[in-house]
2 protein chains.
Amino acid sequence: MTTKPKLTIEDIAKAAGVTIKTVSRVFNNAPNVRQQKRDLVLGVARDLGYRPNISARQLASKRSFVISHFHDNPNTDYLSEIYEGMRRACSEQGFYAVAEKLAPQKGSYRQALLDYLVRFEVDGMILSPPISDDVAVIREIEKRNIPYALISPGKKKKSAINVFIDEKNAGRSITDYLIARGHDQLAFISGLDSHAASRQREAGFWEAIEVAQIPKKNAVRLAGDFSMQSGFAAFDNLMKKAPHVTGIFAANDEMAVGTIVAALRNGKKVPQDLSVVGFDDSPFARAMWPAITSLAQPVNEMAHLSTQKLIEWVHAEALGQSRFEFSTEIIIRESCS
Amino acid sequence: MTTKPKLTIEDIAKAAGVTIKTVSRVFNNAPNVRQQKRDLVLGVARDLGYRPNISARQLASKRSFVISHFHDNPNTDYLSEIYEGMRRACSEQGFYAVAEKLAPQKGSYRQALLDYLVRFEVDGMILSPPISDDVAVIREIEKRNIPYALISPGKKKKSAINVFIDEKNAGRSITDYLIARGHDQLAFISGLDSHAASRQREAGFWEAIEVAQIPKKNAVRLAGDFSMQSGFAAFDNLMKKAPHVTGIFAANDEMAVGTIVAALRNGKKVPQDLSVVGFDDSPFARAMWPAITSLAQPVNEMAHLSTQKLIEWVHAEALGQSRFEFSTEIIIRESCS
DNA sequence: CGTTAAGATGACAGCGTTGTCAAACGGCGT
DNA sequence: ACGCCGTTTGACAACGCTGTCATCTTAACG
């Protein structure tokens, strides 16, 4: 069992004929190192297979090299995408990605965050809905001057990195799609109203209807909460309130699945009798049968970029550009006639 | 902005009137500290709100305090449960839980693991299926003497912590349930054959049939791969091969969902025309309509215990008891007539 | 060429903890 | 009271890196 000799910065310095400080500079992308030496050091380090010791770095620099994602979203697929995007960006930069579920107390995540920060050090944080809209949380973060990024926030913050899609426009375009396929009796199944995104998607829904000059009474709003169950319930509701509806826009895929299953149970054919579109392009949408037409947002990329920008912010100790809009795409599948 | 003074071990030592080494001993549960001093130090530390600095600990002790879970399982709910169980155990002990998805190369996860270990230090690892059965991976781990735990391994290892349920017995009992409800025309939808668990569940299925003296020809095996799509396909297959079947046991919930959706599409009522049971008690099972009767294994608890035992192993530098069997439970819902 | 200032490099003291080993303590048998 | 030995405590040097500040180069300019 050959115990690896565990290289230190000193070994590299010796091998490259410089001092440890120069090696340190190279590995921190610090300025004032001749390009030639930089290459030399990197070459030697690569050949020997050297990796800086994280703990020593943390201890000496008083940074944690940790980017933490705080969330409270039961959608594990969404979380996985975010985590994967973070992980990619972090490992490129020698940082660590961590995910932490926060539990609200009296509607705010403030206390949970504080509890966390007592125990752990983070260099930067990423917040996703609904935490990205918790003003008490944001106040605490700003008080501590911790760089942070908001994914899909309801309100953009000047002093943060904001990564988002145009939710309203996305809602508008997928509704337009439904209308273009000939539907003029429509329903929107909402998510939780506490999620700004749901409200904005709905705004897009109504805008599309107005622009298409469809009478408002031909469209109905059904309350949901992003869960599959609420999709079942929404369908039942629909049958009572507006059985003539043929096109449904659910604010997320889970509810779309619920709606479709409920429809099948009631002997309706999808998409022949009822067209349903979802939102998020989650595995649900891909896996369902019929596969669900859905609006895809590049969550993984969004998390990747936020993390990159966050790390730049940590290094530069200053926030650069703060708003990054991503474009969306309608993934057309079979749930729409 | 009151910058927290950042307590060090020295502050505690001073406040308690001992040296830092004694404080260190207390925080490491080291032997040879008078109980009275131990209490004193702990009291002072609690009052002042002291937390040992992780990086310094890592640096000085050459341990990472990281327990890593290596997986390659698309079921994010399963992964979340494991992670949560690990996180609980870790935070109790001042350790860190990390999850890493490994990608196989030529059927083995060995290279992916090696790539990971070059970059990161771990004190212990947890492997879940299918990696828990990759002999090349296990060989590498043992070569390095890293404590490790296997969740639901196909073959138990003497030199590892094994945490598992009796898969065969579980398969047997849920099939018994189906039989007890009057079904004598049965089908089993398998998962990936590379997962030992699927094979064992199937063995239980056939055992139940044999014991109940149901003719073998009244039972059929349909190949699946744990995905919802394969559940759709399995149903189609079933209609061709054995349309008289009334009771289906799917090796996981996703396939159960797929089967039910396909059945609904084909005008069959669940559970009136067809009974379906799943396995894992995943959110799918809870959320589906009809909600699916499923076999629950305490994944969270299993991960929690593995992590605890792993940390004990790290501290003691020796493996104690190595086998921990967990019991399962049939969660009865509405998918079975 | 000498001067100067910016740029490149180095020496060295921490960072907060644990490991090692030596010293002090305390209980027991005589 | 003395010596012995196991238990408890302490002093101090690591651990591998970065921050600070001093020193040495270099290139540009007069």
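To find a chain, count down the sequence lines: A is the first, B the second, and so on, and within it residues start at 1.
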Would you say the side chains of T76(B) and T76(A) form a donor-acceptor pair under 3.5 Å?
yes
Answer yes or no: are there more than 12 heavy-atom neighbours, outside K156(B) itself, under 6.0 Å from its atom NZ?
yes
Between the protein and nucleotides 19-23 of chain C, list the N/O to N/O atom pairs that are separated by less than 3.5 angstrom.
| unit_1 | atom_1 | unit_2 | atom_2 | d |
| --- | --- | --- | --- | --- |
| dG19(C) | N7 | K21(B) | NZ | 2.6 |

Starting at CD1 of I20(A) and ending at C1' of dA13(C), how long is that distance when rounded to a whole Å?
11 Å
Bend of the helix from dC1(C)-dG30(D) to dT30(C)-dA1(D) from end-axis comparison, five pairs per end, nearest 10°, comes to 30°
Report the distance from atom CZ of F70(A) to atom OH of Y109(A), rounding to the nearest 0.5 Å.
13.0 Å
OP1 or OP2 of dC17(D) sitting under 4.0 Å from any side-chain N/O of Y50(A)?
yes
What about Y78(B) and Y83(B), are their ring centers closer than 6.0 Å?
no
E10(B) atom CD is separated from dT17(C) atom C1', nearest whole Å, by 11 Å
Closest to the K62(B) side chain, choosing from dG16(D), dT17(C), dT9(C)
dG16(D)
If I take atom CG in residue N32(B) and atom C1' in nucleotide dA24(C), what distance separates them, rounded to the nearest angstrom?
14 Å
Distance in angstrom units between Q36(A) CD and dT26(D) P, rounded
10 Å
Going by atom types only, do E121(B) and S64(B) share a side-chain donor-acceptor pair under 3.5 Å?
no
Separation of dA14(D) atom C1' from Q58(B) atom CD, nearest Å, is 17 Å
Ignoring backbone atoms, test whether S24(B) places a side-chain nitrogen or oxygen under 4.0 Å from the OP1 or OP2 oxygen of dT17(C).
no
N/O (side chain, N53(A)) to phosphate O (OP1/OP2, dG16(D)) under 4.0 Å:
no
Just by distance, do the side chain of N162(A) and the backbone of K157(A) share a donor-acceptor pair under 3.5 Å?
yes
To the nearest angstrom, the CG-C1' distance between L40(B) and dT8(D) comes to 15 Å
Describe the nucleic acid contact of P31(B) in one word from base, sugar-phosphate, nothing, applying a heavy-atom distance below 4.0 Å.
nothing
Could you check whether the rings of F65(B) and F95(B) sit parallel, tilted or perpendicular, using 30° and 60° as the cut-offs?
perpendicular
N or O in side chain of T8(B) less than 4.0 angstrom from dC15(C) OP1/OP2:
no
Measuring to OP1 and OP2 of dT18(D), would you say a side-chain N or O of N28(A) lies under 4.0 angstrom away?
yes
Rounded to whole angstrom units, what separation is found between the CD atom of Q35(B) and the P atom of dT8(D)?
11 Å
Indicate the ring-plane relationship of Y148(B) and W313(B), choosing parallel, tilted or perpendicular according to the 30° and 60° boundaries.
tilted
Write down the distance between CG (N29(B)) and P (dT8(D)), rounded to a whole number of angstrom.
15 Å
Check the phosphate of dT18(D) against R57(A), side-chain N and O only, distance under 4.0 Å to OP1 or OP2. Yes or no?
yes
Tell me yes or no: between the side chains of Y50(B) and D11(B), is some donor less than 3.5 Å from an acceptor?
no
Nearest to the side chain of A56(B), which nucleotide is it out of dG16(C), dT18(C), dG16(D)?
dG16(C)
Candidates dT18(C), dT18(D), dA11(D) - which lies nearest the side chain of I9(A)
dT18(D)
Supply the atom-to-atom distance D134(B) CG to R139(B) CZ, rounded to the nearest 0.5 angstrom.
9.0 Å
